[in-house]
Each structure stands twice: as structure tokens, then as C-alpha cells.
Amino acid sequence: IAETIENNVRSKIIKEQLTDPAYFETMSALLDEIIAARKAKAIEYEAYLKRIAELAKRVEAGQAEDTPEQLNTPGRRALYNNLRAGSRAGQPAATYAGSTNDDTVARSRAIDEAVKRVRPDSWRGHQARENTIKQALFSLLQDAAEVERIFLIVKQQREY
């Protein structure tokens with residue numbers, strides 16, 4: 001039964017991985033930790049079920065409890081999580097027009113608004129239309145590698 005539960009949670013994580021890589025990578029690491037504890041018999045089955053249920057709720061919610069309330073859409077949350085993860089992973093945090101490196105919420109909102117402002121209809125899969133969005137991202141991020149990384153996240157969001 002435990003393995004079935006784990007497989008169901010893992011499949012949900014994998015299914016949603018592309019929409020918010022940083023968040024679901026964290027959820028995957030938590031699942032791995034719970035599985036390892038169960039296999040090492042370090043936790044009782046009842047405690048295991050409580051932990052796996054809590055993880056499943058977090059995966060289904062798609063956001064952490066401490067997510068700022070300005071990030072009220074899945075796209076903004078994905079941008080925030082991945083901009084924050086990029087700066088923690090040793091990558092330089094992208095900056096735009098006078099921002100500070102720790103202003104991740106404002107950067108997420110600015111990117112969200114820029115994408116919504118410039119996106120043409122049916123832009124996915126059309127290089128010229130995608131480049132319009134990339135150009136807007138570059139004007140904010142000023143880093144071609146960061147633009148490509150963030151663009152892949154934007155492309156996976158249904159709201160854009």
C-alpha cells in the first residue's frame with residue numbers, strides 16, 4: 001500500500017514538474033526522504049502516513065505555505081520559485097531596471113506582466129512570436145541564459 005501511495009504522489013510530481021521545476025524538485029526530495037525513512041524503518045507506519053498525506057496536500061496545492069500573497073497565479077508562483085532557486089543554486093540572480101537581487105517577488109510580477117503584455121496569440125511553437133516574449137524577458141533580465149531558462153517555465157504555464 002505504501003508503495004502505491006508513493007507512486008501516486010511521484011506521478012503527480014512528475015506530471016507537474018515542467019510547470020514549476022524548483023517547487024516540484026523540492027517536493028520530490030521530500031518524497032525521497034519519506035521513502036528512505038520508511039525503508040529504514042525509522043518511522044512508524046502511522047507517522048509515515050501522516051507525512052505522506054501532508055506531502056500529497058502540498059503537491060496538490062502547488063505552492064508552499066509561505067508563498068507571498070502577491071503571487072496569486074500559478075505562473076507568478078512558478079516564476080518566483082525558479083528565480084529564487086536560480087539565485088540559491090549559485091547562478092547570479094537576474095536584475096532589471098534598478099532592482100535589488102533579493103527582490104524576487106517584484107521581479108516575478110514584472111516578468112508576469114511583461115509576458116502578458118507582449119504575448120501574441122498562438123505564440124507557442126512559432127519562433128518569431130516566441131522571440132517577442134524572449135525580447136521582453138531580456139529587457140528585464142539582461143542575461144541570455146537566464147532568459148532561456150525562464151522562457152521554458154513561461155512556455156509551460158497555461159495562463160500565458
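Here, residue 1 is the first one in the sequence, and each next residue gets the next number.
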Asks: Crowded around Gln135 CD? As in, over 12 foreign heavy atoms under 6.0 Å?
Replies: no
Asks: Can you tell me if Arg107 and Thr104 form a side-chain donor-acceptor pair at under 3.5 Å?
Replies: yes
Asks: Is Tyr48 reaching over with its side chain to a backbone N or O of Ala2, donor-acceptor style, under 3.5 angstrom?
Replies: yes
Asks: With a sphere of 6.0 Å drawn around NZ of Lys50, does it hold more than 12 non-hydrogen atoms of other residues, nucleotides or ligands?
Replies: no
Asks: For the residue pair Leu71 and Ser108, establish whether any side-chain heavy-atom pair is separated by less than 4.5 Å.
Replies: yes
Asks: In terms of side-chain heavy atoms, does Arg10 have a donor or acceptor partner in Ser28 at a distance below 3.5 Å?
Replies: yes
Asks: Mind checking whether Leu137 and Glu146 have side chains closer than 4.5 Å, heavy atoms only?
Replies: no
Asks: Given side chains that start at C-beta, do those of Leu49 and Ile5 come closer than 4.5 Å, heavy atoms only?
Replies: yes
Asks: Give me the atom names and distance for the closest heavy-atom approach of Gln157 to Ala78.
Replies: NE2-CB, 3.6 Å
Asks: Going by heavy atoms in the side chains, are Asn81 and Phe24 under 4.5 Å from each other?
Replies: no
Asks: What are the two closest heavy atoms between Tyr23 and Val59, and how far apart are they?
Replies: OH-N, 4.2 Å
Asks: Mind checking whether Arg129 and Arg124 have side chains closer than 4.5 Å, heavy atoms only?
Replies: no
Asks: Kindly indicate whether the side chain of Arg51, heavy atoms from C-beta on, has any atom under 4.5 Å from the side chain of Arg38.
Replies: no
Asks: Does the pair Leu31 and Ile52 meet the rule for a side chain to side chain contact (heavy atoms under 4.5 Å, CB included), with working shown?
Replies: CA-CA 8 Å; Leu31 179 60; Ile52 201 82; 3.4 Å; yes
Asks: Please examine the side chains of Asn82 and Pro21, heavy atoms only from C-beta on, and report whether any two atoms are closer than 4.5 Å.
Replies: yes
Asks: Determine yes or no for a side-chain-to-main-chain donor-acceptor pair under 3.5 angstrom, with Arg76 supplying the side chain and Arg109 the backbone.
Replies: no
Asks: List for me each residue that meets salt bridge (Lys or Arg N to Asp or Glu O under 4.0 Å) alongside Glu25, sequence neighbours excluded, and say none if there are none.
Replies: none
Asks: Any donor-acceptor pair under 3.5 Å linking the side chain of Arg58 with the backbone of Met27?
Replies: no
Asks: Looking at every non-hydrogen atom in both residues, tell me the closest pair between Asp143 and Ala145 and how far apart they are.
Replies: OD1-N, 3.1 Å
Asks: Applying ring pair (Phe, Tyr, Trp, His ring centres under 6.0 Å), name anything that partners Tyr160, two or more places apart in sequence or on another chain.
Replies: none
Asks: Step by step, work out the side chain to side chain contact (heavy atoms under 4.5 Å, CB included) result for Leu152 and Leu18.
Replies: CA-CA 8 Å; Leu152 292 175; Leu18 291 176; over 6 Å; no
Asks: Is a side-chain N or O of Arg119 found less than 3.5 angstrom from the main chain of Ile133, in a donor-acceptor match?
Replies: no
Asks: Could you list the residues that satisfy ring pair (Phe, Tyr, Trp, His ring centres under 6.0 Å) with Phe151, not counting sequence neighbours?
Replies: Trp123
Asks: In terms of side-chain geometry, is the basic nitrogen of Glu113 or Arg117 positioned less than 4.0 Å from the acidic oxygen of its partner?
Replies: no
Asks: Heavy atoms, side chains only, cut-off 4.5 Å: are Leu141 and Ile111 in contact?
Replies: yes
Asks: Under 3.5 Å, is there a donor on one side chain and an acceptor on the other for Glu3 and Asn7?
Replies: no
